[in-house]
Chemist: 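Structure in structure tokens, see below.
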Amino acid sequence: MIGLFDSGVGGLSVLKAIINNGISDDFIYFGDTKNVPYGTKTKDEILSYTKDIMEFFIKKGADCAIMACNTSSALVYEELRNQFSDKIRIYPLIQFAAPCFKDENQTIGVMATAATVKSLAYTKEIQKINPKCNVIEQECQKFVEIVEKRLYEDISSLNYIKEKIEYFKKAGCKKVILGCTHFPYLVPVFKKYTADIEFIDPAELLIKSIKSELVSRSSGKTSFKFYVSKDPENFKQSGSMFFDIEEDVNLAEFLKV
């Protein structure tokens, strides 16, 4: 069983990419809707949330977990790996995506949450293997709210998006990493403001890196279970715009009083 988690519906973009790559397995998805967005939380808060999620996945029988959340990958992957590596295989987004830029010689842009940008995780991971690569990170925290609340036609939201795209254009970026799993849903909007930037979904890079591992363990059958920390029905309504959720969405047992 493969577990995936994010602070809300954003991680469904990773699950969708996995399915689109022909990977079948039993999947369990956890959306931490009570604590969305992670991008404004402290490292200690995120570590506390994600430790509970790992314990939940292990109890449910998952033997690997995909951190479908850039913020947690940036801030707490090492701690989770140190505590849980003997119980569950953990795949972080940033650390698996970064090697794909080992030969990049142009300026790379990164749009991400406030916490991810503050950590400079993408810059650090890319420059570990490509020290000469210039990486520019820009906080785009409001994108999470735009996706979660579906504010695609809101004027202030569109102005915010345009402002951020202009930043990367002026910086000369031809490639911009979507450093939050919510952001791929906004690519059609981004493209209204630029035709010259390639938007890169790190989930696709992660899956490319681990596809052979996931395929080798596949049973050929696929099933889904969805859990959240708050408002299951709202998650299903929001999430169904991005992923075909036919199953019931449940409140995770460890959160029930």
Side-chain angles (χ1 to χ4, degrees), residues 1-36 38 45-73 75-96 181 203 206-236 238-240 242-257:
M1 179 182 288
I2 299 174
L4 299 92
F5 74 87
D6 190 22
S7 61
V9 300
L12 292 173
S13 65
V14 182
L15 179 57
K16 185 174 183 178
I18 289 173
I19 301 304
N20 288 346
N21 274 272
I23 298 166
S24 58
D25 209 309
D26 296 317
F27 296 95
I28 179 170
Y29 182 97
F30 181 84
D32 195 1
T33 46
K34 181 180 178 181
N35 298 305
V36 65
Y38 277 7
E45 287 174 322
I46 294 170
L47 183 58
S48 176
Y49 305 151
T50 54
K51 282 183 176 180
D52 286 343
I53 295 168
M54 287 298 112
E55 295 284 6
F56 177 67
F57 282 163
I58 293 167
K59 188 176 294 185
K60 287 293 184 181
D63 56 355
C64 72
I66 294 174
M67 300 178 75
C69 169
N70 286 267
T71 302
S72 62
S73 294
L75 298 182
V76 301
Y77 165 61
E78 297 296 335
E79 287 84 350
L80 293 181
R81 184 187 64 180
N82 290 340
Q83 181 169 341
F84 296 101
S85 61
D86 60 333
K87 300 176 183 177
I88 190 168
R89 176 79 161 95
I90 303 175
Y91 298 103
L93 270 177
I94 297 174
Q95 290 82 351
F96 275 85
T181 51
L206 165 68
I207 294 165
K208 181 180 179 181
S209 298
I210 67 174
K211 184 175 180 178
S212 60
E213 292 181 45
L214 298 185
V215 169
S216 66
R217 47 168 285 138
S218 174
S219 65
K221 298 179 181 180
T222 302
S223 69
F224 304 99
K225 292 181 179 178
F226 296 94
Y227 293 88
V228 294
S229 52
K230 183 181 179 181
D231 298 331
E233 287 305 316
N234 183 62
F235 174 88
K236 185 169 186 176
S238 298
S240 290
F242 313 116
F243 189 85
D244 187 15
I245 301 177
E246 298 179 354
E247 296 76 11
D248 289 336
V249 177
N250 302 293
L251 189 66
E253 292 92 335
F254 73 90
L255 295 158
K256 294 179 181 178
V257 179

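A quick note: this is a predicted structure, and the numbers were derived from the prediction, not measured.
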Chemist: Quick check: closest heavy atoms across Gly8 and Thr33, and the distance to 0.1 Å?
Modeler: CA-CG2, 4.3 Å
Chemist: How long is the gap from CD1 on Ile88 to CG on Leu80, to the nearest 0.5 Å?
Modeler: 10.0 Å
Chemist: Give, for atom OG of Ser216 and atom NZ of Lys211, the distance between the pair rounded to the nearest 0.5 Å.
Modeler: 12.5 Å
Chemist: On a heavy-atom basis, which atom in Asp6 and which in Gly11 lie closest, and how many Å separate them?
Modeler: OD2-N, 2.8 Å
Chemist: Which distance, rounded to the nearest 0.5 Å, do you find between the CE of Met1 and the CZ of Phe27?
Modeler: 10.5 Å
Chemist: Can any side-chain N or O of Ser24 pair as donor or acceptor with the backbone N or O of Thr222 at less than 3.5 Å?
Modeler: no
Chemist: Val36 and Ser7: which non-hydrogen atoms are nearest, and at how many Å?
Modeler: CB-O, 3.2 Å
Chemist: For the residue pair Gly3 and Ala62, what are the closest heavy atoms and their distance?
Modeler: N-CB, 4.1 Å
Chemist: Before you tell me yes or no, could you show the steps for Leu4 and Val14 under side-chain contact (heavy atoms from CB on, under 4.5 Å), namely the whole-Å CA-CA distance, both residues' side-chain angles and the distance that decides it to 0.1 Å?
Modeler: CA-CA 8 Å; Leu4 299 92; Val14 182; 4.0 Å; yes
Chemist: Start with the C-alpha distance between Phe96 and Ile66, add both sets of side-chain angles, then the distance that settles side-chain contact (heavy atoms from CB on, under 4.5 Å), and finish with yes or no.
Modeler: CA-CA 11 Å; Phe96 275 85; Ile66 294 174; over 6 Å; no
Chemist: Apply the test side-chain contact (heavy atoms from CB on, under 4.5 Å) to residues Lys230 and Val228: give CA-CA distance (whole Å), side-chain angles for both, the deciding distance (0.1 Å), then the verdict.
Modeler: CA-CA 6 Å; Lys230 183 181 179 181; Val228 294; 5.9 Å; no
Chemist: Between Gln83 and Glu55, what is the shortest heavy-atom contact and its length?
Modeler: NE2-OE2, 4.4 Å
Chemist: Report the distance from atom CG of Asp32 to atom OH of Tyr49, rounding to the nearest 0.5 Å.
Modeler: 7.0 Å
Chemist: Supply the atom-to-atom distance Lys225 NZ to Phe30 CZ, rounded to the nearest 0.5 angstrom.
Modeler: 15.5 Å
Chemist: Do Ile207 and Ile23 come close enough that some side-chain heavy atom pair is under 4.5 Å?
Modeler: yes
Chemist: Run the numbers on Arg217 and Cys64 for side-chain contact (heavy atoms from CB on, under 4.5 Å), then give the verdict.
Modeler: CA-CA 11 Å; Arg217 47 168 285 138; Cys64 72; 3.8 Å; yes
Chemist: Between Tyr227 and Phe56, how do the two ring planes meet: parallel, tilted or perpendicular, split at 30° and 60°?
Modeler: perpendicular
Chemist: Quickly, which of Asp25, Asp26, Ile28 forms a side chain to side chain contact (heavy atoms under 4.5 Å, CB included) with Ser223? Name it, please.
Modeler: Asp26
Chemist: Measuring only between side-chain heavy atoms, which start at C-beta, is Ile94 closer than 4.5 Å to Asn70?
Modeler: yes
Chemist: Any carboxylate oxygen within less than 4.0 angstrom of a Lys/Arg side-chain nitrogen, looking at Arg81 and Glu78?
Modeler: yes
Chemist: Looking only at heavy atoms, which two atoms of Ser73 and Gln95 are closest? And how far apart?
Modeler: O-NE2, 3.1 Å
Chemist: So, taking the atom named OH in Tyr38 and the one named CD in Glu45, what distance separates them when rounded to the nearest 0.5 Å?
Modeler: 10.5 Å
Chemist: Does Phe235 offer a backbone N or O that forms a donor-acceptor pair with the side chain of Ser238 under 3.5 Å?
Modeler: no
Chemist: Assess whether atom NZ of Lys236 is packed by more than 12 heavy atoms of other residues, nucleotides or ligands within 6.0 Å.
Modeler: yes
Chemist: If you take the centroid of each ring, where Trp contributes its six-membered ring, are Phe224 and Tyr29 closer together than 6.0 Å?
Modeler: no
